[in-house]
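Ligands are counted one by one from 1 in listed order, and the atoms in each one are counted from 1 as well. We number each residue from 1, following the sequence as shown.
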Amino acid sequence: MTNYNFRFWHYGLIITALLSGFLGYNLWLGDKRVFISGPPTHGHHQIEMACTSCHGEGFSDATVMQNACESCHLDALDKFSDTHPKSKFTDPRNAELLSHLDATQCVSCHREHKPEITRAYGVTLAKDFCAHCHQDIAEERDSHKDFGFETCTNSGCHNYHDNTALYENFLRKHANEPALGKKPKIPALTGLIEWTKKNKQTPALQQQDADAPLENSNQKIVSQWALSHHAIANVNCTQCHSQNENWQSKGTALTIDSCVECHIKQNESFKQGKHGMRLADRLSGQLSPMSPTLATLPMHKDAMQRVNTCVSCHDPHQPDLTFAATDACLACHNDEHSANFYNSKHGQLWRDSQNGLLPVEQAVSCATCHMPRLKKGKKVHAEHNQNANLQPNSKMIRSVCSHCHGVEFTLEALASEAQIQSNFSNSLEGHHSSMDLVRDRIEQRKKQ
Ligand code: HEC
Ligand code: HEC
Ligand code: HEC
Ligand code: HEC
Ligand code: HEC
Ligand code: HEC
Ligand code: HEC
Ligand code: HEC
Ligand code: HEC
Ligand code: HEC
């Protein structure tokens with residue numbers, strides 16, 4: 001008997017030794033993919049190879065994983081007022097709910113390397129999982145008695161995390177708005193105003209003030225720079241270029257790091273979205289910058305060799321925010337939605353504004369939707385994380401569409417895949433069933 005046990009133990013050792021030899025060999029080759037069972041999620045494909053960014057060094061600790069998720073995501077989830085934060089479940093009255101589904105752990109709902117069970121937004125639970133905790137909803141709300149649990153998160157009804165544009169109170173406030181409001185209220189950017197306030201007496205720099213050494217004093221660059229907001233704000237050549245380094249360099253030291261000192265916010269948010277996420281501090285330089293060659297979305301062929309840095313949208317010597325807002329994007333992006341932009345009424349508005357027929361604040365560019373101008377006190381800056389309001393797309397209602405449109409109209413537009421593909425070039429009725437429910441409740445209350 002002992003003999004058999006010993007033999008099995010012995011085989012186990014040999015298999016383990018062979019396996020670790022195989023895995024070690026692959027690690028040595030740098031092929032980390034051998035360890036995982038499938039392709040990464042849509043959200044994380046760019047950082048897949050930075051295994052330690054999620055797993056830490058040890059590969060076994062659930063706390064390390066939870067901390068990793070939180071360190072990259074918690075700010076953004078909080079910013080949009082998470083409906084189901086951890087704190088909701090530390091309440092003893094809700095403890096029982098967690099025996100079905102531990103909603104304090106991100107990986108209860110979002111696993112990685114499981115393509116066969118992964119749905120949109122990296123969710124790895126069945127679509128009707130809300131039933132675990134909301135079985136009684138039909139009793140609480142008569143209107144919901146015919147709804148299946150798989151329909152809770154249909155676009156424009158509910159989200160798990162961010163419901164700021166979907167709460168009943170918000171909808172009630174915006175019931176019965178027309179499709180198009182009177183006057184758009186997109187605020188103007190305030191960067192230069194802020195600088196000027198602090199530096200009232202400082203005159204703009206002129207061509208002759210340029211402090212580049214002779215061999216780098218390219219005349220075209222000097223005259224472009226002299227007309228830019230950088231010259232007005234007294235940013236001279238050597239504040240971006242260091243004297244000793246190669247001025248021809250296209251590396252990230254010049255094209256991103258040199259901007260950080262003065263543009264902290266833009267740098268931070270750039271590194272939280274798909275354009276800059278590979279350069280996040282947490283990855284401590286393991287990955288190269290993003291490039292269209294690594295993209296899963298369709299990109300223009302002649303953009304394949306480019307990299308995503310600050311200068312992919314801003315010519316550093318002649319920053320032009322109008323160019324950055326649309327034509328810069330279309331030099332890389334080549335999916336159906338992007339390519340349809342100029343066929344839409346928004347595209348027409350943008351052309352009109354470029355021809356001086358309309359103030360730019362009343363027009364719509366790619367940046368109006370994907371890099372909205374955010375107001376904080378009196379300051380207004382451009383959001384540099386293109387993913388901040390992308391998914392679920394109802395996040396765009398408050399930050400973008402409601403400047404110009406009624407809420408019901410945009411709920412309908414954003415719920416339609418065909419509208420998104422056509423970049424909103426189809427006409428609409430401006431009707432959404434969530435608003436019907438809200439209007440019914442208003443009527444009921446009047447009767448009571
Ligand atoms: C974006 C975060 C993230 C990255 C990056 C990542 N993983 Fe994972 N990994 C996870 C999550 C989440 C799970 C599931 C954990 C759970 O179910 O408790 C997981 C599970 C695993 C497992 C367990 C088996 C399985 O397939 O479920 C292995 C092995 C693994 N990862 C290896 C790797 C390796 C090797 C890399 C780098 C090539 C890597 N992971 C990169 C998040 C990540
Ligand atoms: C190094 C930073 C980093 C870490 C660590 C990280 N993420 Fe992400 N995650 C991102 C970025 C950046 C995106 C893409 C932009 C976005 O959608 O916000 C993303 C996207 C997502 C998405 C959207 C998926 C999609 O398909 O659109 C989910 C869900 C998500 N992460 C959950 C997690 C969970 C759960 C963990 C922990 C296992 C985790 N993340 C770890 C940076 C990170
Ligand atoms: C009980 C399930 C559940 C848990 C737990 C959960 N999520 Fe989610 N998450 C979802 C669902 C469902 C979606 C799809 C969009 C929605 O309904 O809000 C989602 C979407 C996301 C997204 C993309 C959309 C967005 O609003 O930004 C991110 C990022 C994300 N989750 C991160 C996390 C992180 C980080 C944790 C842990 C702190 C976590 N989630 C915990 C269910 C869950
Ligand atoms: C692990 C349990 C759990 C799961 C799973 C869950 N919820 Fe909840 N949800 C709660 C709790 C607890 C509350 C707070 C209830 C309260 O305050 O009355 C809540 C509240 C809500 C609210 C009201 C929020 C408010 O502040 O008024 C909505 C809407 C909601 N959940 C939708 C959903 C949807 C949609 C899903 C599935 C995508 C879901 N929930 C999944 C536990 C859960
Ligand atoms: C706001 C930061 C910034 C300022 C100010 C700046 N540069 Fe540059 N410069 C850059 C960056 C970034 C690049 C790399 C551009 C690229 O990779 O496309 C560059 C590239 C160059 C190049 C080499 C590439 C080429 O197009 O020939 C020269 C020469 C140059 N700069 C000269 C100057 C001179 C002269 C000034 C002052 C009049 C100046 N720069 C001011 C950031 C700046
Ligand atoms: C020494 C500080 C400093 C450095 C370094 C710097 N900038 Fe600026 N930049 C400013 C100031 C000040 C303004 C004017 C106020 C504003 O718009 O924020 C400005 C304005 C801008 C604008 C808006 C221009 C406009 O027409 O409204 C862009 C775009 C810009 N910078 C990009 C960059 C990039 C890209 C880099 C790095 C290659 C960089 N800056 C480096 C200080 C700096
Ligand atoms: C994907 C294109 C894109 C990239 C990459 C990009 N920007 Fe911008 N940036 C824009 C657009 C578009 C605007 C103007 C939005 C508007 O007019 O509402 C802008 C505005 C600005 C402004 C002036 C408005 C403000 O927010 O104060 C500054 C400064 C700026 N960017 C700096 C940077 C820096 C620094 C980086 C790199 C960390 C960077 N940008 C990367 C597209 C981009
Ligand atoms: C230098 C090329 C380049 C430029 C310029 C550029 N992008 Fe991108 N963009 C990319 C790449 C590469 C990705 C990542 C795609 C992926 O991960 O598959 C991306 C991702 C995105 C995403 C996220 C898509 C998703 O599914 O998560 C949005 C939205 C986006 N870009 C919008 C814009 C807008 C708006 C502009 C102009 C203001 C712009 N881009 C300029 C290359 C570019
Ligand atoms: C009126 C607002 C609006 C305008 C204008 C707009 N978009 Fe979008 N964009 C959206 C919405 C909404 C989505 C879909 C988000 C979702 O549901 O996943 C989207 C999705 C995207 C995606 C992701 C596509 C994918 O298949 O995953 C990219 C890339 C993108 N837009 C780039 C652009 C570019 C480039 C322009 C300008 C040429 C532009 N968008 C103009 C609202 C807009
Ligand atoms: C700066 C104002 C502005 C913003 C912001 C804006 N729009 Fe529009 N939108 C318009 C104008 C003006 C029209 C043209 C109306 C017309 O001529 O009938 C329009 C047209 C449309 C149409 C086509 C209607 C038709 O019948 O052809 C749709 C759909 C639409 N917008 C959806 C959206 C969505 C969704 C958002 C937010 C993601 C948004 N818009 C943001 C101003 C705006």
Engineer: Quick check on contacts: which atoms of ligand 10 are under 4.0 angstrom from a heavy atom of Val400?
Structural biologist: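 Once the distances to Val400 are compared, the set is 5 (C).
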Engineer: I need the contact type for Asn159 against ligand 3. Using non-hydrogen atoms and a strict under-4.0 Å cut-off, is it side chain, backbone, both or neither?
Structural biologist: both
Engineer: Assess His275: does it contribute an N, O or S atom lying under 2.8 Å from atom 8 (Fe) of ligand 8?
Structural biologist: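 Yes, within the cut-off.
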Engineer: Please work out, at 4.0 Å between heavy atoms, whether the side chain, the backbone, both, or neither of Ser108 comes within that distance of ligand 3.
Structural biologist: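 None of Ser108 does.
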Engineer: Which atoms of ligand 10 have any heavy atom of Leu428 under 4.0 Å away?
Structural biologist: 29 (C)
Engineer: Need the ligand 8 atom indices (1-based, order shown) with element for anything under 4.0 Å from a heavy-atom of Met371.
Structural biologist: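 The atoms of ligand 8 under 4.0 Å from a heavy atom of Met371 are 38 (C).
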Engineer: For atom 10 (C) of ligand 10, which candidate among Met396, His405, Glu412 holds the nearest heavy atom?
Structural biologist: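 Going through Met396, His405, Glu412 one by one, His405 has the nearest heavy atom to atom 10 (C) of ligand 10.
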Engineer: Using a heavy-atom cut-off of under 4.0 Å, does the side chain or the backbone of Ala363 touch ligand 10, or both, or neither?
Structural biologist: backbone
Engineer: Between the candidates Gly276, Pro289, Cys329, which shows the shortest non-hydrogen contact distance to atom 38 (C) of ligand 8?
Structural biologist: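 Nearest heavy atom to atom 38 (C) of ligand 8 lies in Cys329.
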Engineer: Run the numbers for me: atoms of ligand 8, each under 4.0 Å from some heavy atom of Leu297, listed by number.
Structural biologist: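 What qualifies from ligand 8 is 18 (O), 24 (C), 26 (O).
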Engineer: Which is closest to atom 7 (N) of ligand 3 in terms of heavy atoms, Lys395, His73, Lys127, His110?
Structural biologist: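 Looking at heavy atoms only, the winner is His110.
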Engineer: Identify, for atom 5 (C) of ligand 8, the protein heavy atom at the shortest distance, and state residue, atom and that distance.
Structural biologist: Ala328 O, 3.3 Å
Engineer: In terms of residue, atom name and distance, what is the protein heavy atom nearest to atom 11 (C) of ligand 8?
Structural biologist: Met299 CE, 3.6 Å
Engineer: Determine, for Lys145 against Glu140, whether the closest basic-nitrogen to carboxylate-oxygen distance falls under 4.0 angstrom.
Structural biologist: no
Engineer: Using heavy atoms and a 4.0 Å limit, tell me yes or no: is Ser344 in contact with ligand 10?
Structural biologist: no
Engineer: I need the nearest protein heavy-atom contact for atom 28 (C) of ligand 10: residue, atom name and distance, please.
Structural biologist: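 Checked against all protein heavy atoms, atom 28 (C) of ligand 10 sits closest to Phe409 CZ, 3.6 Å.
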Engineer: With atoms numbered from 1 as shown, which atoms in ligand 8 lie under 4.0 angstrom from a non-hydrogen atom of Cys366?
Structural biologist: 35 (C)
Engineer: Considering distance alone, does some N or O of Gln46 sit under 3.5 Å from an N or O of ligand 8?
Structural biologist: yes
Engineer: Heavy atom of Leu77 under 4.0 Å from ligand 3?
Structural biologist: yes
Engineer: For atom 15 (C) of ligand 8, which protein heavy atom lies nearest, and how many Å away is it?
Structural biologist: Ala295 CB, 3.9 Å
Engineer: Are any of the N/O atoms in Asn387 less than 3.5 Å from those in ligand 8?
Structural biologist: yes
Engineer: How about CG on Asp281, more than 12 heavy atoms from neighbouring residues, nucleotides or ligands closer than 6.0 Å, or not?
Structural biologist: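 No, the 6.0 Å shell around CG holds no more than 12 heavy atoms from other groups.
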Engineer: Salt bridge between Lys173 and Glu168, side-chain N to carboxylate O under 4.0 Å?
Structural biologist: no
Engineer: For Pro392, is the nearest heavy atom under 4.0 Å from an atom of ligand 3?
Structural biologist: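 Contact check Pro392 vs ligand 3: positive.
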Engineer: Is there any N or O on His42 that sits under 3.5 Å from an N or O of ligand 8?
Structural biologist: yes
Engineer: Using a 4.0 Å cutoff against the non-hydrogen atoms of Ala324, which atoms of ligand 8 qualify?
Structural biologist: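 Counting from 1, the qualifying ligand atoms are 37 (C), 38 (C).
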Engineer: Just give me the atom name: the N, O or S atom of His346 closest to atom 8 (Fe) of ligand 10.
Structural biologist: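 For His346, the N/O/S atom sitting closest to atom 8 (Fe) of ligand 10 is NE2.
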Engineer: Are any of the N/O atoms on Gln66, whether in the backbone or the side chain, positioned under 3.5 angstrom from an N/O atom of ligand 3?
Structural biologist: no
Engineer: Is atom 8 (Fe) of ligand 3 less than 2.8 Å from an N/O/S atom of Cys109, whether that atom is in the backbone or a side chain?
Structural biologist: no
Engineer: Nearest protein heavy atom to atom 43 (C) of ligand 8, by residue and atom, and its distance?
Structural biologist: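 Ranked first by proximity to atom 43 (C) of ligand 8 is Asn308 ND2, 3.3 Å.
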Engineer: Among all protein heavy atoms in this structure, tell me which lies nearest to atom 16 (C) of ligand 10, with the distance rounded to 0.1 Å.
Structural biologist: Lys345 CD, 3.6 Å
Engineer: Should the proximity of Leu294 to ligand 8, defined as any heavy atom under 4.0 Å, be assigned to the side chain, the backbone, both, or neither?
Structural biologist: neither
Engineer: Under a 4.0 angstrom heavy-atom cut-off, which atoms of ligand 8 come close to Ser312?
Structural biologist: 1 (C), 5 (C)
Engineer: At a 4.0 Å threshold, what atoms of ligand 10 neighbour a non-hydrogen atom of Gln362?
Structural biologist: 1 (C)
Engineer: Pull out every atom of ligand 3 sitting under 4.0 Å from any heavy atom of Gln105, numbered as shown with elements.
Structural biologist: 5 (C)
Engineer: For atom 8 (Fe) of ligand 3, does an N/O/S atom of His161 lie at less than 2.8 Å?
Structural biologist: yes
Engineer: Please report whether ligand 8 has a polar contact with His333, defined as an N or O pair separated by less than 3.5 Å (distance criterion only).
Structural biologist: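 Yes.
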Engineer: Distance-only, no hydrogens or angles: does the Glu429 side chain make a donor-acceptor pair with backbone N or O of His431 under 3.5 Å?
Structural biologist: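 No, because the side chain of Glu429 does not come within donor-acceptor range (under 3.5 Å) of the backbone of His431.
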Engineer: To check your reading of the model: name the closest protein heavy atom to atom 2 (C) of ligand 8, its residue, and the distance in Å.
Structural biologist: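 Sorting protein heavy atoms by distance from atom 2 (C) of ligand 8 puts Cys332 SG, 2.0 Å first.
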Engineer: Using a heavy-atom cut-off of under 4.0 Å, does the side chain or the backbone of Leu349 touch ligand 10, or both, or neither?
Structural biologist: side chain
Engineer: Centres of the His84 and Tyr160 rings: under 6.0 Å?
Structural biologist: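 Distance test on ring centres: under 6.0 Å, yes.
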Engineer: Considering distance alone, does some N or O of His45 sit under 3.5 Å from an N or O of ligand 8?
Structural biologist: yes
Engineer: Does Arg373 pair with Glu361 as a salt bridge, N-O distance under 4.0 Å?
Structural biologist: yes
Engineer: If we only consider heavy atoms of Lys86, is any one of them less than 4.0 Å away from an atom in ligand 3?
Structural biologist: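 Not so, Lys86 does not reach ligand 3.
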Engineer: Could you tell me the residue and atom name of the protein heavy atom closest to atom 37 (C) of ligand 10, and the distance to it rounded to 0.1 Å?
Structural biologist: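 Its nearest protein heavy-atom neighbour is Cys401 SG, 1.9 Å.
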Engineer: Any idea which of Gly430, Cys404, Cys369 brings a heavy atom closest to atom 1 (C) of ligand 10?
Structural biologist: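 Closest candidate by heavy-atom distance is Cys404.
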Engineer: Tell me the protein heavy atom at minimum distance from atom 23 (C) of ligand 10, and give that distance in Å.
Structural biologist: Phe424 O, 3.7 Å
Engineer: Would you sort out whether His317 and Trp225 count as a ring pair (Phe, Tyr, Trp, His ring centres under 6.0 Å), showing the intermediate values?
Structural biologist: CA-CA 5 Å; His317 307 119; Trp225 162 83; 9.2 Å; no
